[in-house]
Amino acid sequence: MRSVPKSCTKIALAACLLLASGPVAARSVVTYFAPATNLEALDLAWLHKALQARRLYVAMYAFTDKPLARALLQLARAGVLIGLYRDGRQMHERGDVTWMLVRQPNIQIRASDSSRFIMHDKMFIIPGVVFREGSANWSPVGEGATVRRGRKVKQQDNAATYITDRSAIRAATQNFIRIWYRKSNAVLR
């Protein structure tokens, strides 16, 4: 891995980390493992690419990571249309940050009817750019970010796979749309 350029500011650090990690975009599938890798930084760098596509689809079981919630808010304010799909029960757990995104322009939120479906995905899709999936929820512990923040908490072994193959991205998008429009879903306003 190359060193991170000194010109990287805090705001651009995640993007610089991704660029310094090598030719990720040249491969069609790359997997990283937490806590050895800070998946939060990688996700933040990839999410920035949603500015090009102007769309972002997220299905996330647990979502307690405030930097990622703030990134979604920034993207929405920049005109990116965001569909956030959550598990109906999980989004009411302690520490969940879905409330930060409710009633925000360009963000639509739907939740599964947990009596019929457990929405257990941990993925996002930037159409035409990347499909991210794996076991890592959007939580600091799940993404390996707490290691970098110096917190002494139990860590999780997780993975995130970034797929740039366009046919895989299309298939993931079709599946997202299928679950997004389930009649039993709750629509948050």
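Only heavy atoms go into these numbers, but all of them, side chains included; no hydrogens, no water, no symmetry mates. We're numbering straight along the sequence, starting at 1.
Separating the CZ atom in R55 from the OG1 atom in T173 is a distance of 11.0 Å, to the nearest 0.5 Å. Atom CG of L84 sits about 6.0 Å away from atom CG of L101, to the nearest 0.5 Å. From D87, atom CG reaches atom NE2 of H120 across 8.0 Å, with rounding to the nearest 0.5 Å. Rounding to the nearest 0.5 Å places CD1 of I169 at 6.5 Å from CZ of R166. Going from atom CZ of R86 over to atom OH of Y61 covers 9.5 Å, rounded to the nearest 0.5 Å. Between L72 atom CG and Q74 atom CD the span is 9.5 Å, to the nearest 0.5 Å.
The aromatic rings of W138 and F124 sit tilted, their planes meeting at an angle between 30° and 60°.
Grouping the Ile, Leu, Val, Met, Phe, Trp and Tyr side chains by contacts below 4.5 angstrom, directly or via other members, places V130 with Y32. In terms of hydrophobic clustering, with Ile, Leu, Val, Met, Phe, Trp and Tyr side chains grouped at heavy-atom distances under 4.5 Å, I163 and F33 are assigned to different clusters. No continuous path of hydrophobic side-chain contacts links I118 to Y181 [ILVMFWY only; heavy atoms under 4.5 Å]. Cluster membership for L75 and W99, using ILVMFWY side-chain heavy atoms within less than 4.5 angstrom, is shared. I107 and L188 fall within the same hydrophobic cluster, where Ile, Leu, Val, Met, Phe, Trp and Tyr residues are linked whenever their side-chain heavy atoms come under 4.5 Å apart, directly or through other members.
Side chain to side chain, N175 and Y57 fail the donor-acceptor criterion of an N or O pair below 3.5 Å. With no hydrogens or angles considered, a side-chain donor-acceptor pair links Y85 and N185 at under 3.5 Å. Side-chain contact annotation: S139 with D65, donor-acceptor N/O pair under 3.5 Å absent.
Proximity of a side-chain donor or acceptor of K66 to a complementary backbone N or O of T64 within less than 3.5 Å is not detected. A donor-acceptor contact shorter than 3.5 Å is absent between the side chain of T161 and the backbone of G134. Between the side chain of N106 and the backbone N or O of L81, no donor-acceptor pair lies under 3.5 Å. D121 places no side-chain N or O within donor-acceptor distance of the main-chain N or O of M123, the cut-off being under 3.5 Å.
Of all the heavy atoms in A136 and K122, the pair that sits closest is O-CB, 3.3 Å. Across all their heavy atoms, G79 and R54 have their closest contact at CA-NH2, 3.5 Å. When all heavy atoms are compared, the tightest approach of G142 to N158 is O-ND2, 3.0 Å. For the residue pair R116 and S184, the shortest heavy atom distance occurs at NH1-CB, 3.6 Å. The shortest non-hydrogen separation linking M91 to T98 is CB-OG1, 3.9 Å. Looking at every heavy atom in both residues, Q155 comes nearest to G144 through OE1-CA, 4.2 Å.
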Criterion side-chain contact (heavy atoms from CB on, under 4.5 Å) on W46 and V129, from CA distance to verdict: CA-CA 9 Å; W46 276 109; V129 179; 4.0 Å; yes
As a quick check of understanding, evaluate side-chain contact (heavy atoms from CB on, under 4.5 Å) for L44 and L68, giving each step before the final call. CA-CA 7 Å; L44 288 168; L68 287 164; 3.5 Å; yes
Test log, rule salt bridge (charged side-chain N to carboxylate O under 4.0 Å, His left out), inputs E143 and R132: CA-CA 13 Å; E143 295 240 304; R132 181 270 207 203; 2.6 Å; yes
Show the numbers, then the answer: is there a side-chain contact (heavy atoms from CB on, under 4.5 Å) between V80 and L51? CA-CA 6 Å; V80 176; L51 291 168; 3.9 Å; yes
Do I82 and I109 pass the side-chain contact (heavy atoms from CB on, under 4.5 Å) test, and can you show the C-alpha distance, the side-chain angles, and the key distance before you say yes or no? CA-CA 8 Å; I82 299 171; I109 304 170; over 6 Å; no
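Qualifying side-chain hydrogen bond (donor to acceptor under 3.5 Å, both in side chains) partners for E133, counting only residues two or more places apart in sequence or in other chains: none. With sequence neighbours excluded, no residue forms a salt bridge (charged side-chain N to carboxylate O under 4.0 Å, His left out) with R110.
The closest side-chain heavy-atom distance from R77 to Q104 is below 4.5 Å. Side-chain contact between T37 and L42: present, with at least one pair of heavy atoms (C-beta onward) separated by less than 4.5 Å. Between P67 and E40 there is a side-chain heavy-atom pair separated by less than 4.5 Å.
Stacking of R182 on the aromatic ring of F117 is recorded, both the 6.0 Å distance cut-off and the 45° axial limit being met.
More than 12 non-hydrogen atoms from other residues, nucleotides or ligands lie less than 6.0 angstrom from CD1 of I177.
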